[in-house]
Number of protein chains: 2
Amino acid sequence: MFELLKTDAHSKARLGRLTTAHGVVDTPVFMPVGTQASVKALDLRELLEMGTKILLGNTYHLNIRPGMEVIRAAGGLHRFMNWPGPILTDSGGFQVFSLSKIRKIREHGVEFRSYLDGSLLFLGPKEAMEIQRTLGSDIAMVFDDCPPHTATPRELRAAVERTIRWAGECREQPRAPGQLVFGIVQGGANAALREECAKALVAMQFDGYAVGGVSVGEPEPEMMQAVELAETFLPAGKPRYAMGLGTPAQLVELIARGIDMFDCVLPTRVGRNGTVFTRRGTYILRNAANKLDFGPLEEGCDCFACRTYTKAHLRHLYTAGEILALRMLSVHNSHLFLKVMADVRAALVAGTFAEFRRDFIANYRPTQKVLLARAAAADR
Amino acid sequence: MFELLKTDAHSKARLGRLTTAHGVVDTPVFMPVGTQASVKALDLRELLEMGTKILLGNTYHLNIRPGMEVIRAAGGLHRFMNWPGPILTDSGGFQVFSLSKIRKIREHGVEFRSYLDGSLLFLGPKEAMEIQRTLGSDIAMVFDDCPPHTATPRELRAAVERTIRWAGECREQPRAPGQLVFGIVQGGANAALREECAKALVAMQFDGYAVGGVSVGEPEPEMMQAVELAETFLPAGKPRYAMGLGTPAQLVELIARGIDMFDCVLPTRVGRNGTVFTRRGTYILRNAANKLDFGPLEEGCDCFACRTYTKAHLRHLYTAGEILALRMLSVHNSHLFLKVMADVRAALVAGTFAEFRRDFIANYRPTQKVLLARAAAADR
């Protein structure tokens, strides 16, 4: 199911190949986020053109709307949204804990209020796996307890214990044909808890392992540390997925720390807010400097937006509130994330990842604004 | 410049060919509206795929934002928005009269407040033609006085006199290379005024003639009558353009009354409001009946939206506030308008327009809701 093709000589970076029921995915891979059965502002053709191989869908959101009656009638999520490739579905654990202000944690899951109509809902290991079975995703995630960055040590421990227990329950649920299931390592910035959680999950033999409890508002060094703490205990022969991360530079650094899979709303969300990702960092399209700039969003970029429209035109469309601006920023940003992953894979094949990483990080100037936006993007 | 290829044996419908600086346009033609240098929600590829041959741009809006400094630096509107084909620009007359609550009519134009920042602006024949020269449109419209449907006979007469005088001034202004200029017939539902205005404009020998003062809230019979009143006095050898109209059925009826060119925001605006145009009329995507309908938006349609997505999926995306729904409804509706025009042209070539018209009107069930939306669409 997962083939580890090569490991970098100078870092933990890995080149791999993940085989799913709907196709093969080369790793490291970035997964655009299609929370509500649509990657925001993008269509099928645009996704395929920019090299998307696998999408993310969301149990919590899709269960509330359109609901499983519709998904079942459509014949699963792939058919419903017309996506021919693999889909990974998040379990809803993250959303239950981040979106629901009113919730009660029970032994077998969480009782919470629908953000749509306030109705009482319940999501636990059994329910999350049942929904993901109906969605028919290629990779299902276990239902975890994802505490906030501000959790106390006591809360953190309780979350880890619950996560382990629920992972065991998820492991036993029926699956869709060929569906893989990934465990999620929690434990915050606590080394002992990360180790305990990772070891317990690995003992259950999941098809892959995710690092959760990141992208919950923590500062970058803490995020990197959390991933390092968990990674140490994960088996080399299984894919590793860092949930909800990050900027292009963070992705490159996380790959160097042994991560294979990523998802993040940043490219589309920050795009809709008028921020452009480039290999040199980000810039605000609205800035007056772009008013008379008839070059592309990023020099040398071959995405549809850069081949078709100028910065000056898109800046005007953005200030005028035109949908085309939101679309083209989403196209460019998502394309960049996917292209950086393709470049990483090529560097790993060529054995030049160390140079690639050094140059990429040197050129990429992060902005505080984007790091903050990442934190705010917690409702991925 | 305009070649009248054929006139229908049973109606006033005409088959024609309009040659502009940026290409040849077969008529009857529908022009998607790119008010702010973008046809709302659509990109270049989508426009070309659905058979768009000529776009509309807007003097009033583009002059306020991005402003002529930007358009001049870009090398004109075609380059600014990357549209390779012909562009017709409205003069801003309609907007000055419909959008500006505070305005003063002077001898040589209108003083009004910018809707953006309240600054004092002035638009008259000289200014409107100068802006259209900078935009570099293939067809410029004269600056007219477009009174509301509720204008008194005295106001209507004043508007016609002003329109004629201003048309004369527009006629004398410098033009962009190869730019055509169309006159606009005003006069409301008053036969004598329509005749007087049409005759005066025809005497000035414009490159084409538009019927204005329609799509200003009048009932359909009055709109049809206004077009008929004006058309009688227009020369056969010049293109005729009915401004801001209408539904597909109205377009077919207006073609039967001798009109060659149309523009309307209906397909995109009504699309963004969740209404789907079909050859049988319109329907509301949100209706519960579409929840489990996995067919396309319209059976037999070959637009990108109908080839790619189901009604059930788009209904879900629309209720979930996803941009892709607005995009796909805009794609489908605009495609339908353009396809109906292509079918009309084919029927005119084949000599079967009478049958086409009869069948089309029999199948098309107009809805009051859409007719009202058309009226509300007055800020095209």
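In what follows, chains are A, B, ... by sequence order, proteins preceding strands, each numbered from 1. These figures come from a predicted structure and were not determined experimentally.
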Which one wins on heavy-atom pair count under 4.5 Å against chain A: [options]?
options	value
B:R45, B:Q36, B:M81, B:K291	B:R45
B:L42, B:D43, B:L44	B:D43
B:A325, B:A74, B:G75, B:S330	B:A74
B:R272, B:M328, B:E69	B:E69

Fill in the blank from the handout: Checked A:A312, A:G67, A:A320 vs chain B; the most non-hydrogen pairs under 4.5 Å come from A:A320
Under 4.5 Å heavy-atom distance to chain B, tell me which part of [X] shows up: side chain, backbone, both or neither.
X	value
A:L326	side chain
A:H316	side chain
A:E322	side chain
A:R315	neither
A:F80	both
A:T319	both
A:R65	both

Problem - Audit row: B:D117, B:S119, side-chain hydrogen bond (donor to acceptor under 3.5 Å, both in side chains) steps and yes/no - result: CA-CA 5 Å; B:D117 58 7; B:S119 63; 2.8 Å; yes
Handout entry: Geometric cation-pi criterion, B:R286 with B:Y318: 6.0 Å, 45°
Key = no
Does the pair [X]/[Y] count as a salt bridge with the N-to-O cut at 4.0 Å?
X	Y	answer
B:E299	B:K311	no
B:E130	B:R133	yes
B:E298	B:K339	no

Practice task
Could you tell me if the ring centre of B:F262 sits under 6.0 Å from that of B:F30?
Solution key: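 No; B:F30 has its ring centre 6.0 Å or more from that of B:F262.
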Handout entry: B:F143 and B:F94 aromatic centres sub-6.0 Å
Key =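 Between B:F143 and B:F94, the centre distance exceeds or equals 6.0 Å.
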Practice task
Using a cut-off of 6.0 Å, state whether more than 12 heavy atoms not belonging to B:R79 lie near its atom CZ.
Solution key: no
